[in-house]
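Proteins get letters first, then strands, A, B, ... in listed order; numbering begins at 1 in each.
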2 protein chains.
Amino acid sequence: MTDAARALDAIGTPARRRILELVAPHERSVRELTDELDMTQSAVSQHLKVLRDAGLVAVRAEGTRRLYRVDLDQLAQVRAWVDGFWDDVLAAFAQHVTDTSPGADTGTNTEEHR
Amino acid sequence: MTDAARALDAIGTPARRRILELVAPHERSVRELTDELDMTQSAVSQHLKVLRDAGLVAVRAEGTRRLYRVDLDQLAQVRAWVDGFWDDVLAAFAQHVTDTSPGADTGTNTEEHR
DNA sequence: GCTAATCATTAGCCATGACTGATGCAGCAC
DNA sequence: GTGCTGCATCAGTCATGGCTAATGATTAGC
């Protein structure tokens, strides 16, 4: 499985997306996350493990606490994956236009949705 | 569940991502997808239903065939979701820089990963 | 040393969902 | 009409994964 695939699997569940949303603004401890996430500490740790394996979050030890933060590198892979479709679909659309109306509308704006 | 959440759940499984990848360049029939995807036609149809409900693909009937294509609107929601983290994390990073090195480095490039 | 707090990991339970096979339905050819 | 093709949907099975409870490891404070 590629990095992007692992990352996409990881964010494919609401609980983990919620964790990412909590961690994005600033790093948080497992305890803080548990308090805010109607779940056991065990469940939170298990989700964090998946996110760690996917490279989406990074950890930092401070005393007995572990502070989690978002790691931008893997998030970049997710962006790249989504952008891949974007480009493919827009390219196909542009092709369709040139096929159906030959010689017209060469100024197709492939960034219209961006 | 929001549109973005539904879309992210839908792409959270390898089989459906593979379908999206096949459909992205140009529309395809269910038969074509089944031939290429070591799966039953039934399984393909079920995945397509999930993608349809998530708004990620659109259908077009042509005779007895159903031609599927990617729908850009929901894909835009996915992009927006990812970009949300991006902005949060970069903002937090910028805040950290100004906190730890006051009066220095005001030219922080928040687009370095983009 | 002991105790408390924080977190990871394990074992086990249960719900969800991914899949197959069967059936039903619509459109086309004859 | 009959038959065939392409697809959706239903019913049922099985594996996956998300969850809790319990336990273990580590660190801090006493």
Side-chain angles (χ1 to χ4, degrees), chain A residues 1-23 26-71 74, chain B residues 1-23 26-71 74:
Chain A
M1 184 158 56
T2 71
D3 286 353
R6 207 187 317 276
L8 287 162
D9 283 345
I11 64 178
T13 198
R16 284 196 286 269
R17 285 198 298 273
R18 184 89 187 90
I19 290 180
L20 271 186
E21 286 167 354
L22 288 173
V23 161
H26 59 85
E27 57 183 6
R28 294 189 187 265
S29 69
V30 179
R31 182 73 160 83
E32 287 174 333
L33 294 173
T34 304
D35 288 345
E36 218 149 336
L37 286 173
D38 195 30
M39 252 189 297
T40 328
Q41 173 262 318
S42 176
V44 174
S45 276
Q46 291 176 54
H47 283 306
L48 286 171
K49 176 175 174 51
V50 176
L51 291 171
R52 249 187 294 126
D53 291 345
L56 283 168
V57 297
V59 212
R60 178 170 76 85
E62 192 180 84
T64 80
R65 301 188 309 160
R66 304 294 175 102
L67 300 177
Y68 281 84
R69 64 180 180 279
V70 173
D71 188 335
Q74 284 304 314
Chain B
M1 186 156 56
T2 70
D3 286 353
R6 207 185 318 274
L8 287 161
D9 283 345
I11 64 178
T13 197
R16 284 195 286 269
R17 284 198 298 273
R18 184 88 186 90
I19 290 179
L20 272 186
E21 286 167 354
L22 288 174
V23 162
H26 59 85
E27 58 184 7
R28 295 188 186 266
S29 69
V30 179
R31 182 74 159 81
E32 288 172 334
L33 294 173
T34 304
D35 288 344
E36 217 148 338
L37 285 173
D38 194 30
M39 251 190 297
T40 336
Q41 173 262 318
S42 176
V44 174
S45 276
Q46 290 177 52
H47 282 307
L48 286 171
K49 177 175 172 53
V50 176
L51 291 171
R52 251 187 293 126
D53 290 346
L56 283 167
V57 297
V59 211
R60 178 170 77 87
E62 191 181 85
T64 80
R65 302 187 308 158
R66 304 294 175 100
L67 301 176
Y68 281 83
R69 64 181 181 280
V70 173
D71 188 335
Q74 284 304 314

May I have the distance from [X] (atom [atom1]) to [N] (atom [atom2]), rounded to whole angstrom?
X	N	atom1	atom2	result
B:R18	C:dC19	CZ	P	14 Å
A:I19	C:dC7	CD1	P	13 Å
A:L67	C:dA5	CG	P	19 Å
A:L51	C:dA8	CG	C1'	15 Å

### Task
Evaluate the criterion side-chain contact (heavy atoms from CB on, under 4.5 Å) for residue pair B:L22 and B:L37; output intermediate values, then yes/no.
CA-CA 10 Å; B:L22 288 174; B:L37 285 173; 3.9 Å; yes

TODO: Evaluate salt bridge (charged side-chain N to carboxylate O under 4.0 Å, His left out) for B:D9 paired with A:R17, printing each intermediate quantity in order.
DONE: CA-CA 10 Å; B:D9 283 345; A:R17 285 198 298 273; 2.9 Å; yes

List every contact pair, protein side and nucleotides 21-30 of chain C side both N or O, where the distance is under 3.5 Å.
| from | atom 1 | to | atom 2 | distance (Å) |
| --- | --- | --- | --- | --- |
| C:dG21 | O6 | B:S42 | OG | 2.5 |

- A:A10 backbone acceptor or donor facing A:R16 side chain under 3.5 Å: yes

Double-helix bend of the helix from C:dG1-D:dC30 to C:dC30-D:dG1, axes at both ends from 5 pairs, round to 10°, gives 20°

Sorted by chain and residue number, the side-chain hydrogen bond (donor to acceptor under 3.5 Å, both in side chains) partners of B:S29 (sequence neighbours excluded) come out as none

To the nearest 0.5 Å, what is the distance between [atom1] ([X]) and [atom2] ([Y])?
X	Y	atom1	atom2	value
B:L20	B:H47	CG	NE2	11.5 Å
A:R69	A:L56	CZ	CG	13.5 Å
B:Q41	B:Q46	CD	CD	9.5 Å
A:R31	A:T34	CZ	OG1	7.5 Å
B:L48	B:R28	CG	CZ	12.5 Å
B:R65	B:E27	CZ	CD	8.5 Å

Between B:V44 and A:A15, the residue closer to the 5' end of DNA chain D by nearest nucleotide is B:V44

A:D71 and A:G55 have their tightest heavy-atom pair at CB-O, 3.4 Å

Here the pair of heavy atoms bringing B:V23 nearest to B:Y68 is CG1-O, 3.5 Å

request  = Compare side-chain N and O positions of A:Y68 against OP1 and OP2 of C:dT6 and report whether any pair is under 4.0 Å apart.
outcome  = no

Chain B reaches DNA chain D, atoms under 4.0 Å from its heavy atoms, from D:dG6 to D:dC10

The complete set of salt bridge (Lys or Arg N to Asp or Glu O under 4.0 Å) pairs with one or both residues in residues 37-52 of chain B, sequence neighbours excluded, reads B:K49-B:D53

Sorted by number, residues from residues 26-38 of chain A placing a heavy atom under 4.0 Å from DNA chain C are A:S29, A:V30, A:R31

